[in-house]
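Note that the numbering runs from 1 along the sequence shown for the chain. Note that the structure is a prediction, hence the values are computed from the model and not measured.
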Amino acid sequence: MHQHRPNRIPAVLAIILLCLGGVSPLLAQTAAQKEYSSYKTIIEKAVEAGTAKKMSLDDCLDLALRKNLSIELDRYQPLVDQESLKAALGVYDFVLDSELSYRKNENPITDILRRQLLGIETFQNTNYNFTVGVSKYFSTGGNLTVTADNNRAASNTNVYNPTFDAGVAATFTQPLWKNFKIDSNRRSIKQAEKDRQMSEIDFEGKVSDVLKSVEDTYWNLVNAIEQQNIQIQSRELALIQLRDNQKRVEIGTLAPIVITQTRAEVAQSEQSVIAGEADIILNLNLLKNLIADEWDDPIWRQTIIPTDKPVVPDSVPELRESILLAVQNRPELRQLDLSLEKNDIDIQYYENQLRPKLDLVANYNPNGVAGPNIQEVVRDQNGDPVYGPDGRPLMQDGPFTGRIGTVYEQIFKQDYVNYSLALRFQMPIGNNTAKANLAMARIGRDQTATNHKQTRQSVGVEVLNAVQTIEVNRQSLESAIVARQFQEEQLDGQNKRYQAGLTTNFEVLQTQRDLASAKAAELTALINLKKSFTAFEKATFTILEKHQLEIARAN
């Protein structure tokens with residue numbers, strides 16, 4: 001018979017379990033102590049490093065108005081259109097023309113009789129000419145040209161050499177039918193003025209877009225910071241639960257496996273805190289990009305700490321008044337109003353081009369002539385010539401004796417004046433080009449009017465959505481507040497039940513997570529409500545104040 005040996009396996013297992021039971025609390029305590037170290041957020045690190053910069057929403061908006069690169073780019077177009085208007089108005093500038101010339105002609109005389117009569121073989125003449133003129137276009141469509149023509153001539157066939165002549169010619173042309181009320185120049189000026197106004201309105205819209213982006217990003221940053229604070233609070237609750245469970249394991253009233261559950265909850269809370277920090281960094285960089293104009297701007301080395309808290313009005317805007325306000329303020333509708341005015345200018349111009357052309361042309365031309373050798377016969381009291389000892393008539397200086405000064409003396413006295421008055425009539429046959437242009441202008445206006453109607457409806461829908469979103473977000477916030485209050489009460493009750501041994505650690509941890517989620521949902525609802533009011537201000541175009549627009553333009 002074999003000798004019976006006692007079974008030692010159960011005893012060995014008991015010793016192993018006892019050892020593990022003694023080691024587990026020690027390991028749990030070490031892990032818990034590792035988790036007890038406080039978590040420093042990016043905000044706390046910035047405060048310690050001295051790189052924190054507290055900023056209100058108004059501070060951020062002011063910097064965006066002065067430094068935002070999108071605003072800086074959009075600021076150029078109104079300046080370009082302003083210069084385009086000046087260029088169009090340049091048609092009213094005085095235009096000065098001048099010409100200085102010298103001409104010499106020498107032609108042979110082929111007629112033998114004329115050659116013998118004149119005693120010369122060639123015609124020779126020289127001419128110096130200086131012409132200066134000025135022209136001016138008027139807002140009536142008329143054009144005035146004043147020209148002074150000055151000549152000095154000498155010829156071997158003239159009796160007197162040299163001779164001076166000059167004339168001042170003033171010509172005024174005024175359209176009486178076609179191009180009377182409007183012409184291509186005045187059309188261009190009116191269109192350029194409308195373009196300038198449209199670019200100003202477009203600039204206002206771009207500035208308002210930037211301001212809305214700044215506000216939304218600012219509140220997103222506030223939300224990210226507060227959401228991380230909620231996660232940090234949740235982590236602290238998990239750590240408190242971990243410490244409490246550790247004590248229970250040490251006194252033997254709680255199984256060690258509960259420590260593992262609690263540590264998992266702490267790790268999950270830690271992960272949420274880190275994820276929240278990534279969201280803070282993202283919104284920080286987005287906000288800095290909106291308010292900085294250089295990559296080396298000091299703001300990039302600082303951490304912005306928002307100082308404003310979301311505060312929302314108590315009342316919901318009235319829908320009808322809001323729509324009327326939006327229709328009055330929205331830049332796209334104001335631009336379409338100007339587009340309709342541009343269409344009307346085109347229609348007016350092309351209708352005018354269908355008319356016959358009838359112009360009044362007036363010319364006034366005082367002139368004079370003189371020469372240093374031009375003299376007249378001396379006459380007695382009876383008007384008879386006086387002869388000298390040689391039997392030739394005596395000569396003396398007369399009204400034409402002199403040079404260019406004598407000529408202009410005659411001109412200023414208006415001794416010799418030429419003038420004319422004429423009506424010029426022109427009527428195109430068919431005029432198909434003007435008819436087609438008029439038809440296209442009318443079609444363009446109808447198209448713009450339809451676009452205006454569609455945009456007006458879209459604006460109304462946008463305002464309607466904004467008002468209804470405010471109401472929905474307000475109700476969502478009220479529900480979130482109630483849900484958070486219930487979760488706080490539930491967590492308090494779960495803790496009491498846990499202390500009495502009536503619930504499990506898992507249920508307590510789950511309630512803690514639910515409370516953290518409820519707080520996050522409440523904050524999100526508050527931020528969404530604040531952003532919905534910003535969207536409403538954008539929809540009604542009341543987000544841009546007058547002084548803000550002046551700052552944006554000035555910089």
Side-chain angles (χ1 to χ4, degrees), residues 82-99 129-151 165-197 338 341-368 407-408 410-442 444-445:
Q82 177 65 35
E83 296 305 317
S84 297
L85 176 59
K86 290 181 181 180
L89 289 171
V91 72
Y92 292 122
D93 293 342
F94 285 93
V95 179
L96 179 66
D97 291 313
S98 64
E99 181 182 355
N129 177 266
F130 176 65
T131 302
V132 60
V134 63
S135 59
K136 177 75 168 69
Y137 174 79
F138 294 92
S139 59
T140 61
N143 187 75
L144 174 65
T145 301
V146 179
T147 303
D149 187 44
N150 308 276
N151 290 283
D165 67 89
V168 177
T171 303
F172 181 72
T173 304
Q174 174 60 55
L176 300 178
W177 202 346
K178 181 180 180 180
N179 296 328
F180 176 57
K181 291 185 177 180
I182 188 172
D183 59 10
S184 60
N185 289 330
R186 283 172 284 175
R187 174 197 176 208
S188 298
I189 293 172
K190 291 181 179 180
Q191 297 278 23
E193 172 61 24
K194 300 303 178 185
D195 288 337
R196 184 193 65 80
Q197 295 176 11
L338 290 172
E341 293 179 14
K342 288 183 64 177
N343 293 138
D344 291 336
I345 293 171
D346 285 338
I347 292 174
Q348 181 189 12
Y349 171 72
Y350 289 120
E351 284 179 344
N352 181 267
Q353 295 303 297
L354 292 176
R355 299 175 181 177
K357 187 175 182 181
L358 179 64
D359 294 346
L360 172 67
V361 182
N363 181 272
Y364 189 78
N365 177 214
N367 59 87
V407 175
Y408 273 93
Q410 297 169 15
I411 291 175
F412 292 143
K413 290 181 178 180
Q414 301 186 54
D415 293 337
Y416 309 98
V417 177
N418 300 323
Y419 59 87
S420 65
L421 193 64
L423 287 175
R424 294 178 181 172
F425 180 79
Q426 184 184 65
M427 184 176 69
I429 305 301
N431 207 2
N432 292 321
T433 300
K435 291 178 181 178
N437 287 334
L438 177 60
M440 288 188 292
R442 287 173 173 168
R445 193 192 190 286

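- Taken to the nearest 0.5 Å, the OG atom of Ser139 stands 11.5 Å off from the CG atom of Asn185.
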| said: Could you go through Val91 and Ile189, starting from their C-alpha distance and side-chain angles, then the distance that decides it, and tell me whether this counts as side-chain contact (heavy atoms from CB on, under 4.5 Å)? | reply: CA-CA 9 Å; Val91 72; Ile189 293 172; 3.9 Å; yes
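- For the pair Phe138/Leu144, a side-chain contact is recorded, criterion being any heavy-atom separation below 4.5 Å from C-beta on.
- Counting only heavy atoms from C-beta outward, the side chains of Pro356 and Phe425 approach each other to under 4.5 Å.
- Judged by distance alone, the side chain of Lys190 and the main-chain N or O of Ile345 form no donor-acceptor pair under 3.5 Å.
- Contact record, Ser98 with Phe130: CB-CE1, 4.5 Å, taken as the closest heavy-atom pair.
- To the nearest 0.5 Å, the span separating CG on Asp183 from OG on Ser188 amounts to 8.5 Å.
- The local environment of OH in Tyr92 is crowded, with over 12 non-hydrogen atoms from other residues, nucleotides or ligands closer than 6.0 Å.
- Atom CG of Asp165 is separated from atom CD of Gln410 by 10.5 Å, given to the nearest 0.5 angstrom.
- Defined by atom type and a distance below 3.5 Å, a donor-acceptor pair is missing between the side-chain atoms of Asp344 and Tyr349.
- With sequence neighbours left out, the salt bridge (charged side-chain N to carboxylate O under 4.0 Å, His left out) criterion links Arg196 to Glu193.
- From Glu351, atom CD reaches atom NZ of Lys435 across 13.5 Å, with rounding to the nearest 0.5 Å.
- Side-chain atoms of Asn129 and Asp149 include a donor-acceptor pair closer than 3.5 Å.
- Of all heavy-atom pairs spanning Thr145 and Ser135, the tightest one is OG1-CB, 3.8 Å.
- Counting heavy atoms from C-beta outward, Thr147 and Val168 have side chains that stay 4.5 Å or more apart.
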Which pairs would a plain distance check flag for residues 169-181, meaning a side-chain donor or acceptor within less than 3.5 Å of a matching protein atom at least two apart in sequence or in another chain?
residue: Thr171; atom: OG1; partner: Asn363; partner atom: ND2; Å: 2.7
residue: Gln174; atom: OE1; partner: Thr140; partner atom: OG1; Å: 2.9
residue: Gln174; atom: OE1; partner: Gly142; partner atom: N; Å: 3.4
residue: Gln174; atom: NE2; partner: Thr140; partner atom: O; Å: 3.0
residue: Asn179; atom: OD1; partner: Gln353; partner atom: NE2; Å: 2.9

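- Two residues are said to be in side-chain contact when any heavy atoms from C-beta on lie closer than 4.5 Å; Asp415 and Asn367 fail this criterion.
- Judged by distance alone, the side chain of Arg424 and the main-chain N or O of Leu360 form no donor-acceptor pair under 3.5 Å.
- Tyr350 is not listed as a side-chain neighbour of Arg442, based on a closest heavy-atom distance of 4.5 Å or more.
- Of all heavy-atom pairs spanning Asn150 and Ala166, the tightest one is OD1-CB, 3.6 Å.
- No side-chain heavy atom of Lys413 sits less than 4.5 Å from a side-chain heavy atom of Tyr408.
- Salt-bridge formation is not detected for the pair Arg445/Asp346: no Lys NZ or Arg NE/NH1/NH2 atom is positioned less than 4.0 Å from an Asp or Glu carboxylate oxygen.
- Considering all non-hydrogen atoms of both residues, Leu338 and Gln197 come closest at CD2-OE1, 3.1 Å.
- For the atom pair Ile429 CD1 and Met427 CE, the distance stands at 4.5 Å (nearest 0.5 Å).
- Taking all atoms of both residues into account, the shortest heavy-atom contact from Ala434 to Leu354 is CB-CD2, 3.7 Å.
- Asp195 places a side-chain heavy atom less than 4.5 Å from the side chain of Lys342.
- Between Ile347 and Leu438 the shortest side-chain heavy-atom distance falls below 4.5 Å.
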